[in-house]
Peer 1: 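Have a look at the structure that comes next, please.
Just so it is clear, the model here is predicted, and its values are computed rather than measured.
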Amino acid sequence: QVQLVESGGGLVQAGGSLRLSCAVSGRTFSSYVMGWFRQAPGKEREFIAHINRSGGSSYYADSVKGRFTISRDNAKNTADLQMNSLKPEDTAVYYCAASTRWRVTGRRTEYDYWGQGTQVTVSS
């Protein structure tokens, strides 16, 4: 059974930073593409970033490009999301997800496993 557990959410002022972490147990971590998504109240869950199996390639949504950085540590079975220059519109529940697909394009349906989410609130 694969389990994903997010941590690191909280309340931060606009312009501040947070680092989210996703711990993955179960099947070999390095076999997954890892992604981060978020869902604001009343909105659909949206793609933020993904990182390939080796950690050598990543991709970001335009809304977070240049502010967020996704990383992974295959020795520790973790995938992190460093969030800088946070804005009130970044307020959402943030989810990490794992995909067994060879290639992903940012669609939720491409991911097989999901964490329970962690709340990020950015105050103005």
Side-chain angles (χ1 to χ4, degrees):
Q1 183 74 14
V2 179
Q3 292 187 326
L4 285 71
V5 179
E6 301 98 335
S7 61
L11 174 65
V12 64
Q13 289 188 335
S17 299
L18 279 176
R19 188 176 184 89
L20 306 182
S21 186
C22 176
V24 181
S25 63
R27 191 179 161 187
T28 305
F29 176 71
S30 59
S31 68
Y32 300 123
V33 172
M34 296 300 299
W36 283 93
F37 290 73
R38 67 186 180 188
Q39 187 167 16
K43 295 187 177 181
E44 291 191 357
R45 193 170 300 187
E46 65 170 345
F47 165 80
I48 297 174
H50 68 235
I51 189 166
N52 70 348
R53 290 168 174 80
S54 68
S57 177
S58 56
Y59 182 80
Y60 299 89
D62 287 343
S63 58
V64 304
K65 197 175 297 183
R67 299 188 298 123
F68 291 11
T69 303
I70 189 172
S71 62
R72 68 188 296 160
D73 187 332
N74 286 347
K76 296 182 178 179
N77 287 11
T78 57
D80 290 355
L81 186 69
Q82 176 66 41
M83 306 186 295
N84 299 327
S85 302
L86 283 161
K87 305 175 182 179
E89 51 263 45
D90 294 318
T91 295
V93 177
Y94 283 69
Y95 299 89
C96 68
S99 175
T100 58
R101 293 191 179 212
W102 182 251
R103 181 175 176 269
V104 296
T105 60
R107 298 177 181 175
R108 288 174 295 169
T109 54
E110 296 168 337
Y111 288 82
D112 304 283
Y113 306 103
W114 292 83
Q116 82 289 350
T118 185
Q119 177 71 46
V120 171
T121 303
V122 184
S123 63
S124 58

Peer 1: Show the nearest heavy-atom pair for residues Y94 and M83, with the distance to one decimal.
Peer 2: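 So the minimum-distance heavy-atom pair works out to CE2-SD, 3.7 Å.
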Peer 1: Between Q119 and L11, is there a side-chain heavy-atom distance shorter than 4.5 Å?
Peer 2: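 Not in contact.
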Peer 1: Strictly distance-based, threshold 3.5 Å: is any side-chain N or O of D112 a donor or acceptor partner for the main-chain N or O of T100?
Peer 2: yes
Peer 1: Can R45 be said to sit on top of Y95's aromatic six-ring, NZ or CZ under 6.0 Å from centre and within 45° of the ring axis?
Peer 2: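 Checked: cation-pi criterion met.
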Peer 1: Please check if V120 and L81 belong to a single hydrophobic cluster, counting links between Ile, Leu, Val, Met, Phe, Trp and Tyr side chain heavy atoms closer than 4.5 Å.
Peer 2: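 In one cluster with V120: L81, yes.
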Peer 1: Do you know the tightest heavy-atom contact between S58 and I70?
Peer 2: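 Reported closest heavy-atom pair: CB-CG2, 3.6 Å.
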Peer 1: Do the non-hydrogen side-chain atoms of Y111 and H50 ever get within less than 4.5 Å of each other?
Peer 2: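 Heavy-atom side-chain distance check passes, below 4.5 Å.
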Peer 1: Answer yes when D62 and K65 have at least one side-chain N-carboxylate O distance shorter than 4.0 Å, and no when they do not.
Peer 2: yes
Peer 1: Is there side-chain contact between Y32 and N77, with heavy atoms separated by less than 4.5 Å?
Peer 2: no
Peer 1: Would you say T28's side chain and S30's backbone share a donor-acceptor pair under 3.5 angstrom?
Peer 2: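 Not at all, since once roles are kept as given, no pair shorter than 3.5 Å links the two residues.
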Peer 1: Is the backbone of Q82 close enough, under 3.5 Å, to the side chain of T69 for a donor and an acceptor to pair up by distance?
Peer 2: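 Absent.
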Peer 1: Decide, yes or no, whether a salt bridge links R19 with D80 under the criterion of side-chain N to carboxylate O below 4.0 Å.
Peer 2: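 Salt bridge: yes.
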Peer 1: Start with the C-alpha distance between D90 and F68, add both sets of side-chain angles, then the distance that settles side chain to side chain contact (heavy atoms under 4.5 Å, CB included), and finish with yes or no.
Peer 2: CA-CA 11 Å; D90 294 318; F68 291 11; 4.0 Å; yes
Peer 1: Tell me the closest heavy-atom pair linking W36 and A79, and the distance in Å.
Peer 2: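 Result for this residue pair: CZ2-O, 3.5 Å.
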Peer 1: Between R108 and E44, is there a side-chain heavy-atom distance shorter than 4.5 Å?
Peer 2: yes
Peer 1: Can you list everything that forms a side chain to side chain donor-acceptor pair (under 3.5 Å) with E89? Sequence neighbours excluded, please.
Peer 2: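 Expected list: none.
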Peer 1: Measure across T91 and V122 and return the closest heavy-atom pair with its distance rounded to 0.1 Å.
Peer 2: OG1-N, 2.9 Å
Peer 1: Could you tell me whether a side-chain N or O of Q116 sits under 3.5 Å from a main-chain N or O of V5, the two making a donor and an acceptor?
Peer 2: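 No, the answer is negative, given that no donor and acceptor are paired below the 3.5 Å cut-off.
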Peer 1: Of all residues at least two apart in sequence or in a different chain, which pass the side chain to side chain donor-acceptor pair (under 3.5 Å) check with T118?
Peer 2: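 Counting only residues at least two positions away or on another chain, T118 forms no side chain to side chain donor-acceptor pair (under 3.5 Å).
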Peer 1: Any donor and acceptor pair, going by atom type alone, linking the side chain of E6 with main-chain N or O of C96 inside 3.5 Å?
Peer 2: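 Indeed, once roles are kept as given, a pair shorter than 3.5 Å links the two residues.
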Peer 1: Using the test salt bridge (charged side-chain N to carboxylate O under 4.0 Å, His left out), find all partners of R101 that sit at least two apart in sequence or belong to another chain.
Peer 2: none
Peer 1: So does R53 get a backbone contact from the side chain of N74, meaning a donor-acceptor N/O pair under 3.5 Å?
Peer 2: yes
Peer 1: Got T78 and V24 here, is their nearest side-chain heavy-atom distance under 4.5 Å?
Peer 2: no
Peer 1: Taking the side chain as every heavy atom from C-beta outward, state whether Q3 and Y113 have any pair of such atoms under 4.5 Å apart.
Peer 2: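 Of all side-chain heavy-atom pairs linking Y113 with Q3, none is under 4.5 Å.
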Peer 1: How close do S124 and P88 get, counting heavy atoms only, and between which atoms?
Peer 2: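 The answer is CB-CG, 3.8 Å.
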Peer 1: Backbone N or O of V93 within a donor-acceptor pair of the R38 side chain at under 3.5 Å?
Peer 2: no
Peer 1: Could you check whether F37 and F47 have their ring centres less than 6.0 Å apart?
Peer 2: yes
Peer 1: Looking at V104 and S99, what are the two nearest heavy atoms and their distance?
Peer 2: CG1-OG, 3.4 Å
